[in-house]
Amino acid sequence: MSDLFFGLSTVFMVAGLFFAFASVVGVIRFPDVYTRLHASTKALSGGAMMILAGTAFRAAAAGHWPAMVKTLLIAAFLLATNPLASHAIARACYRHGIVPKGTVIDEYAEKIRGDRS
Amino acid sequence: MTAFVLWGLLLTAALGFWRVIVGPTIPDRIVAADTLATILTTFIALLAVYFENAVFLDIALAFAVLSFADVLIMAKYFEHGELHR
Amino acid sequence: MTMTRPDNLSLTMIALALVMTGASSLFAGSRDKEGSRRDLVPLWLFCLFACLTALASTWLSFIIGLELSTLSLFTIIRKGDEATSRLYLLAQLAGASVLLFATSLGSSFEGNLPLGPVPPGLFPLFVIGLGVKAALPGLHFWLPRTHSQAPTEASALLSGYAVKMGIYGLLRLVGDPSPPLLLLGIVMALYGVVQALLQHDAKRLLAYHTISQLGFIVAALSTGTPLGRTAALFHIVAHALFKGLLFLSAGSLERLYGSRDLNGLGRAGRDAPLLFGLFLVGASAIAGCPFTSGYVSKIVIKSALTDQGQAVLGLQLAGLGTTLSFCKFGYYGFWKSSGDRPEPRGFLGRQAYGAMALLAAATALVGAGPLLYPLLPLPEGTLLAPKALVDATIPVIAGIVLFALFPGLFRPRHKDVADVENALAPLGRLLLFPLTLLRLSHTGRLRAYIALIVAALIAIFHSL
Amino acid sequence: MSTAFFTFLAAFLVVTALTASEAQDMLSAVIALSVFGVLMAIIFVILQAPDVALTQAIINSGLVTSLFLVAYSQTQKRGDDPDREDDR
Amino acid sequence: MLPISYGTAIVVFCIGLYTILSKRNLFKTVIGLSLMEGGVLMLITSSGYVPGGVPALLPFAGGEPVNPLPHSFTLTAIVIGAADVALALAFIIKIHRRYGTVDIDKIRGLRG
Amino acid sequence: MKVSPIKPMVLAVALFLAWMATTGRLDLPFLLTGAVIVAIVVRITWATFFAGAHDFSLRGKPWPKPCIAALLAYPLFFFGELLYATWEVALIALRPYIELNPAIIRVDSRFHNSTALVLLANQITLTPGTLTIDADIPHQGLYIHALDLGKEGIDGVKKQIHKLEQQMEELIR
Amino acid sequence: MNPVLAIVAPFLAAFTIPLFFVFRKKWVGTAVILFGVLSALTALFVAAGGEAVTVMGGWQPEVGIALVVDSLTTAFLILASLGFSASLSAAAETFGYGPWRFYVLFFLSWAATNGIILTGDLFNLFVFFEIFSVAAYLVVAYPPRSWQAIEAGFKYLIFGTVGALFLLIGIAYAFMATGQLNMAILARVLPRAPEATLSVVIGCLVVGLFIKSGTVPGHFWLPDAHSSAQTPVSALLSGVFVKVSLYALIRLAFLLFGSADDRVFFVLLLFGTVTLCLGHLMAFQQEDIKRLLAYSTVAQVGTIVIAIGCASSGGVTAAVYHAFNHMAAKMGLFLVSGVLAEDRASRDIAQMGGLFRHRPLFVLAFCLFAASIAGIPPLNGFMSKWFLLVAAAERGALIPAAAVVAGTVLSAAYYLRPITAFFGPAETEPPHHRPHPVTGAIVALLALLCLVLALAPYIGPLKEGLLAVGRDTVNGARYIERVLR
Amino acid sequence: MRVHRNLQRLGALGLSLALGWWLWQGVTISPFQGITGPAARYIHGTARDTGAANVVAAILFDYRGFDTLGEASVIYTTVCGVALLFAKRRYRRSSHGLSFIVKRGMALLVPFILLYASSIIVMGHLSPGGGFQGGAVMATVTVLFCVIYGSSFEAARVSPKVKETIESSGALLFTAIGLIGLVTGGAFLTNSAAGFPRGMMGHLVSGGTIPLLNIAVGMKVGAGLSTLFYSMVKILEDPTESSPPEV
């Protein structure tokens, strides 16, 4: 059981590292704020979840259940706060007047105009 | 193994910091800061694994709770130009 | 303050202080009714502190007494002229500070430096410190201005006693013969006279004479012999009395005519003959006419200096100058009358005459005393010896003759003559220039401040 | 913890400090400062000081950064940014 | 590892000092202060580190604990530093109200 | 309006579980202290954030009725979505050339409940290719930034959102 | 009496005043006065209780934080309680009890001052310095309506923080080298540290204390703060705050630096001399009377630093004595000039003509204090200056001594300017004539204190006490032995 | 101008480097590194002396509790001073905030954050954390209120007077515990020697005064920092203020 958890934790960690790396690459390479937010939120949440899951498995492998529960708590907090934060950033950017690059359709702009008038 | 992941995360964080340095606009930097906060939170959790001491998880928890507060404040500032509206 | 059982020197000084203050307060009291009582307080405070100074047994308590008396005189001088009083106070403080510094170098927590000869290394510092008090050449910058601008009673006290406190210190200080000091004394005597001849302000003229006479005293005490010290002490007393008298009469002139400028006076001899008579007593004493106090003291000084012929010659020259300038003073101040001279505006009270009479009487007493009784440690009959009489008469006669021959040469000018004090203002400006630069250093730039701190820290690291 | 890793972390810390010092824009300086604080906390963790790390984490993200932002937002109504290059 | 830690601490301290000395923005000054403070904190904490130590939490799991005394100083110093920073920022707000600028070289009302 | 004691109890239980997770101990003193603290926290926050007069509190609005089976199935679905989203973004980020067709579109939701709407918005943020920018609560509209419209265009995104909505509807029927 | 009470009493005051404000607003004034009396009495009782060592928490001195009362401590406790009481009374008259937060800060700074004086632990010293400094920045910036106050407070803040960081780094190096924090133990083990470490410790601590006390490279905050603060605060700053930092300098210099290296005293002499000269020369050029007094304070700080630099018991005696004298005289000067400046609604010396006619007693008191500061005999300033000169002469420090002596003349020169103005002709009648009964009484008491202090070298017990302070302080071994007994 | 600035930078760099070089010279690594002096006593005696599991907390609140009183007083002073700096000002109030999503999300998160803060305070003697940390987290919650819900919201919740009271009571509680130690144990802040229960190590009730002091500090810091935020966030220009001359 413990060996299984250990192996699982390794797998999760490496996968998480990959995703985290990919998300940071996204943050660097994507063209504008909104797309970068995509990378930062989704990929990173996923990566962090995986790494934390790996941590939790490792704790479980060591039989340290409180640590595992705490790790899950951290994950829950991250999961709850990350979308909120990125939503706030996105809204702030838009309200501040940063125009998304190359958007095909922008339905939000009409709403903003409506709000302002 | 953990050491490898730690190295990787640190390099990733350093890459993310590149965005903080060059980020053409402020929201880019905020996004990068958010990214870094998350990465470093997991980094600390991994350090707890590395040192095999559950105490360090508390610090990760504190980060998870508080880093988003910073990002929210930055967003608020960026949206309104002031914080007290 | 540490006191000691008084010796004769101290007692003499105390008596002198009492007489001088008495005369000054009499004169001051006669001035006007309102507020004169309150004005007397600093005068008598000065007397008190002067006595304390005379009684001091350590240099520290001497300095304390000195500064206290300076302060009380300062409050009197303030009434005459504000700026002058400031100059006086600062000059005196500077002198006392040098003295204090020198004293501290000789003292320790266990014991203070006793009043008396000091280690040779400290001697120059002490001379400088006391020199400001005693107006040694170069350090006399405060004296003429202070004496002339101060109220008359203060001038009398200044010249009569305050300056003598420095001399008293020198008297205590000098134990061995000191040739440089002798040279200083001669230079002083001559310089004072030359400057006095060039003055047109009555009190200023008297002030330079003070310097000149102090030169006599310094020359006497620099011999270090008992005779020299006695001579110095005797001249201190004599000079205090007649110079006080002269200042009071100059002050009376000012009170009568509202001016001290010799160009603007000239009928006092007829308006106030008593004043003229009193003045003549003082003038003859200072010129050293035979059988006056000045005569006696100069004889004693010359006999103390018998070894140094050139010094005696210098002193004779100074005596000649003295006669000349007092001829000038008497002639232009009291006698040279013409129609357009001012009418007397003021009025001299009985008290003023009393004060002057007191001093005149004392002068006469001091002059007559040694002639009648062998008070001084001189060989019997020295004072009345023909050689002494001739020695004393030559400058007087020569002076009068010279004055009569070339009156135009000694006419009072209309301009002040340059002296060290004129250099004070430019010197001050010169020193103030870097000060303004220093003030610019406080620019309000926080970063520069912090850089300075860090630099200091690095410097400290270097030095540790 | 291997020395190389720690060295890298320290270099990263120095880079964040330099960024906080040299950033033209104040907000990015503040962001760099907050990252600096996080890295300090990580270094404290590596130095086996969990208490200090926790305090640093909380004080830095909760207090100092927010205060900087508060103060910065209060001072942006008028005035200029003196550290911008003059020719810009 | 310890020399690196000390060196980094000193370097960070110097960066903070450099920031204070060379930047005109008051916020940069305060950032410099907090950088300096960070350097000092790192220095103190490093001074208590024992190679291979564990945190000073009883019971010590698997090894010698590190020195807890510098940790308590660092804690105190962190809080004090944060208080200083807060105060400095409050003052900056006040100064901006008066002077309309946060340029340190223009805040020179008191001179001479 | 009378507050039913059950609703605060839900919060209290959640808090108590969180307490146990943070402390990691199950001693009696810890549990007692936890109970006290949870009571205090609920007392402080309930009136403001859950029953207060503010527009963001839950007062006067119907609560969702959770269904247990869906509650258990939901996390699996959720993590699956999250993984997929991560994978997709990672692929895009690591592609040699990045070509995107971003768009901001309005999606009208069927949810009347604002809490559900908020949950949905967060959910959208964590699902592939979409990011909530703003919510128009009174009209149940969500403004969504789509990373890449792809071939299907707006309809594809809308379809995806509605699928998500359906999933959540099962959860809180 | 347990020494800790001297710290706790003002702390209690600071913590209770807000409660009074919240619950019984009318009692705030009474509470302030009562707590002021209580704090002063506690400190005086502690001072009177004689030598004592107590350790917080009942541990050994090495483990806990020790509070040490010895003769130096006693002297400075008395100084602090006198200064704080005087300033508190003046503040109560000037401000009323409306700004209760000001009093909170006041009591906090009082507690911190007592803490700095009493503590025997290096880090605790830093902590108390920090409370003290933070309170000081804020009382300087009170009231925050005038731009001068804010700017001065901010500059003081930056300076103080940099100074605190230097102090902290010095303490960190000392700790790094020894692992100890108790000053007595450090005094034993620190000399064994490597040379370079020692120089860093000493340099950083000295510079930190220079900044806090206003010695030359760190003096820039001092004139700004003194001239911008309210009158009671300026009096407090000059009278007590600066002295407390100098106390720490004395303590550390003789306990930690002295045994290690004699060169540190040379540094002190050097910087003291520069401070003295600069202070006098800058004061000479000021138009603003409070700024003049502030630069005079800088000069006096230099004097005290020179006295410390003499590195002898006589020097310490002179330093403590001079600290007392300067406290009495400078507090009086600030209070009087505050009253006079209020009469003319200006701090410009040129505007202060003819005040002697309206406030003769205050002006006379000003003259007395000024004479005392300038060192006119036989006032107290002269006496301490004499002590200092003798100590410097024994040390062979001629240039500093000469500077001190020259400073006398300069300070007389610049103090004569306002005095001349006061006695000069009046330009206008004062707009209103507010009586200042409390300030007047304090000024009178301070004048009396000046006179008593002038007699101190002639009063047996006082003189013995002063000399004992010097002896005990220089003798570090005795301190160590008493703490580690 | 440009040259001047570069010169300034160069000078600053030089000074910093010189200082850094000296500091580097002074670093000592070998002889006293690690456990020397009182540290050994702290490490080995904490369990016996105080009963707390967290040695750092034992040092902070017991062995060197006086430092902590000072440290808390620094915060107290700062808070008081900032309130003094921004006193007597009409506050600008606003109910604007961030978007509804954030508001609602935050509403769900606040109880958990408060709970976390409380747990940090309560567990101070057992795990990392304590009064400062917990108090700071609580204060962060209040600043989040200001930011997310607008300032009027926060003002409606907790009035400044209540905060004042809590802050002062925390400080007084700390002092009172110290004084109890003085009365019963002979020295200020005496812990177990004054009769406070030492408890079983690792249990909640252990460490004597340490948890109580943690709570006191938590009250003080939490209320104080939120007052500080509150004062700094909402200020309005005061027309009576004076402005300096142009430089």
Side-chain angles (χ1 to χ4, degrees), chain B residues 2 6 9-10 13 20-23 25-85, chain H residues 53-57 86 89 91-99 101-103 105-106 109-117 119-120 123-124 126-130 132-134 136-155 229-236:
Chain B
T2 323
L6 280 174
L9 273 184
L10 194 58
V20 175
I21 296 173
V22 301
T25 60
I26 291 167
D28 287 319
R29 296 194 169 102
I30 299 177
V31 170
D34 189 20
T35 315
L36 278 181
T38 315
I39 291 179
L40 294 176
T41 307
T42 53
F43 186 84
I44 294 177
L46 265 184
L47 273 179
V49 172
Y50 182 85
F51 288 123
E52 295 176 350
N53 199 332
V55 164
F56 298 124
L57 287 176
D58 282 348
I59 301 152
L61 186 55
F63 265 125
V65 171
L66 288 178
S67 64
F68 111 104
D70 276 355
V71 175
L72 280 188
I73 296 171
M74 287 175 201
K76 166 94 179 209
Y77 168 71
F78 190 68
E79 184 174 345
H80 293 288
E82 49 190 338
L83 290 177
H84 46 80
R85 285 194 59 207
Chain H
N54 186 353
V55 182
V56 178
F86 298 118
R89 208 57 53 79
Y91 286 144
R92 185 191 298 175
R93 294 197 171 166
S94 144
S95 54
H96 287 272
L98 284 169
S99 73
I101 296 176
V102 181
K103 280 180 179 172
M106 185 65 192
L109 278 175
V110 163
F112 291 92
I113 299 180
L114 285 180
L115 186 86
Y116 175 60
S119 83
I120 290 180
M123 301 270 291
L126 302 176
S127 65
F132 290 105
Q133 293 87 338
V137 173
M138 283 193 181
T140 312
V141 172
T142 61
V143 79
L144 279 179
F145 286 169
C146 276
V147 167
I148 294 176
Y149 299 117
S151 45
S152 63
F153 171 77
E154 215 271 341
F229 275 124
Y230 192 59
S231 320
M232 273 173 74
V233 166
K234 296 159 295 172
I235 41 182
L236 200 63

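Letters A, B, ... are given to chains in the order of the sequence lines, protein chains preceding strands, and every chain is numbered from 1.
Both the backbone and the side chain of B:L72 come within contact range of chain H, with heavy atoms under 4.5 Å apart. Neither the backbone nor the side chain of B:F56 comes within contact range of chain H; no heavy atom of the residue lies under 4.5 Å from a heavy atom of that chain. No part of H:M123 comes within reach of chain B, as not one of its non-hydrogen atoms sits under 4.5 angstrom from that chain. H:I120 does not touch chain B: none of its heavy atoms, backbone or side chain, sits under 4.5 Å away. B:L61 touches chain H through backbone and side chain together, each having a heavy atom under 4.5 Å away. In this structure, the portion of H:V102 lying under 4.5 Å from any heavy atom of chain B is its side chain and not its backbone.
Contact annotation: the side chain of B:I30 approaches that of B:I26 to within less than 4.5 Å [non-hydrogen atoms, C-beta and beyond]. No side-chain heavy atom of H:F112 sits under 4.5 Å from any side-chain heavy atom of B:V65. Two residues are said to be in side-chain contact when any heavy atoms from C-beta on lie closer than 4.5 Å; H:P128 and B:I59 fail this criterion.
For the residue pair B:D70/B:S67, the side-chain donor-acceptor check at 3.5 Å is not satisfied.
Residue B:T38 is tested with B:L36, B:D34, B:T35 for a side chain to side chain contact (heavy atoms under 4.5 Å, CB included); the sole match is B:D34.
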